[in-house]
Amino acid sequence: MKIASWNINSVRFRIGIVEQFLREQAPDILCLQETKVIDPDFPHAPFEALGYRHNFINGQRMHHGVAILSKVPLVEDDRLDWQANGEARHLGVRLPNGVRLENVYVPAGGDIPDRELNPKFGQKLDFIERMTRWSESLRGPAILTGDFNIAPLECDVWNHKALLDVVSHTPVEVAALGGLQAAHGWVDLGRSFIAAPERYYTWWSYRAKDWEASDRGRRLDHMWASPEVARAATAHRVHEPCRSWIKPSDHVPIVTEFDF
DNA sequence: ATGTCCGAACGTTTCGGA
């Protein structure tokens, strides 16, 4: 079982590179974030043509939105709203073997890392806190993946010191993410296979003139698993070349293979 | 390091969000 996660930054605008990725990597399941499309306008046909016939979508107008496209039958569990503001940021399904698959788009949190000056930063921390409470009560084997919008380790960013005050790498966010991870004993599959201190990024800003040359990346996208599920993981890859494809997302896909 | 990209709006350009 091959499971991929990708913040696509508009599934309609980038349907061409989504198809290319699915043809080349053929994951059994693809979790998307930032689909940026209401459910009636979701482009189902390209996925069905490639064999993805078990599709679950949770979209909204303009922003956010998540989807799970699958070759294997899935059962939807829930779509949670940890901010209680109606934003489409989660979709939970169950795999044929009963393992839960949770696809999440964590709020970016704005530019200023101060909840008094920037309410979005507070919402991001509150979102993580509510996810932590949910995570504590979660029973059974599960996979938690998506764009967490936090790069926790020093080697998850191009310059640790330069980014200590930059939203996505501040100590308060890293501590919150650590609390979430501890709340279910989540295993960080990315770092299980690409161990620290090796460089590992999944996002490069559009604003760099040459993303590859400057390489100012961050690891914002993650795939975590319950300990028993993590033991079944056999491979994990990050597909950096996708950042150079035509009309790229600023994120690249991550893929984990499981022996089930 | 204030740069780029998306979707929407009575729009042929500007804006919020990331």
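Fair warning: this is a prediction, and the values are worked out from it, not measured in the lab. Letters A, B, ... are given to chains in the order of the sequence lines, protein chains preceding strands, and every chain is numbered from 1.
The distance from atom CZ of A:R12 to atom C1' of B:dC5 is 15 Å, rounded to the nearest whole Å. With rounding to whole Å, A:R207 atom CZ is found 14 Å from B:dG17 atom P. To the nearest angstrom, C1' of B:dA18 lies 9 Å from CH2 of A:W203. Taking atom CG on A:N149 and atom P on B:dG17, their separation rounds to 15 Å, with Å as the unit. Atom-to-atom, CD of A:Q123 to P of B:dG17 comes out at 11 Å; the value is rounded to the nearest Å. Following rounding to the nearest Å, A:E34 (CD) and B:dC6 (C1') show an atom-to-atom distance of 9 Å. Going from atom CG of A:D250 over to atom C1' of B:dC5 covers 8 Å, rounded to whole Å. One interatomic measurement links the two molecules: NZ of A:K36 to C1' of B:dC15, which rounds to 13 Å at whole-angstrom precision.
For an aromatic pair to be called close, the ring centres must be under 6.0 Å apart, and A:F21 with A:W6 satisfies this.
Between the side chains of A:Q60 and A:T35, no donor-acceptor pair is found at a separation under 3.5 Å. Defined by atom type and a distance below 3.5 Å, a donor-acceptor pair is missing between the side-chain atoms of A:Y105 and A:N58. With no hydrogens or angles considered, a side-chain donor-acceptor pair links A:W204 and A:D215 at under 3.5 Å.
Each of A:Y105 and A:P248 lies near DNA chain B, and the nucleotide nearest A:P248 is the one positioned closer to the 5' end. In terms of position on DNA chain B, the residue among A:H251 and A:M62 whose nearest nucleotide sits closer to the 5' end is A:M62.
Ring geometry, A:F47 versus A:Y52: the interplanar angle exceeds 60°, so the pair is classed perpendicular (tilted spans 30 to 60°). Taking the six-membered ring for Trp and thresholds of 30 and 60 degrees, A:F260 and A:F258 have nearly parallel ring planes, at less than 30 degrees apart.
Nucleic acid contact for A:R218: none, since no nucleic acid atom lies under 4.0 Å from a heavy atom of the residue. Among the atoms of the strands shown, only primed sugar atoms or phosphate atoms (P, OP1, OP2) are found under 4.0 Å from some heavy atom of A:H64.
Contact annotation: A:R61 side-chain N/O to B:dC6 OP1/OP2 distance is not under 4.0 Å. Within the 4.0 Å cut-off from OP1 or OP2 of B:dC6, at least one side-chain nitrogen or oxygen of A:R14 is found. For the OP1/OP2 pair of B:dG7 and a distance below 4.0 Å, the side-chain nitrogens and oxygens of A:S10 include at least one atom meeting the criterion. Note on A:K120: a side-chain N or O is less than 4.0 Å away from OP1 or OP2 of B:dG17.
B:dC10 and B:dC15 are spaced 15 Å apart, taking the C1' atom of each and rounding to whole Å. Atom name C1', nucleotides B:dG17 and B:dT12: the rounded distance is 23 Å, in whole Å. B:dT2 and B:dG7 are spaced 27 Å apart, taking the P atom of each and rounding to whole Å.
Nearest to the side-chain atoms of A:Y206 among the listed nucleotides B:dC5, B:dA8, B:dA18 stands B:dC5. In this structure, the nucleotide among B:dG16, B:dG7, B:dC6 sitting nearest to the side chain of A:H63 is B:dG16.
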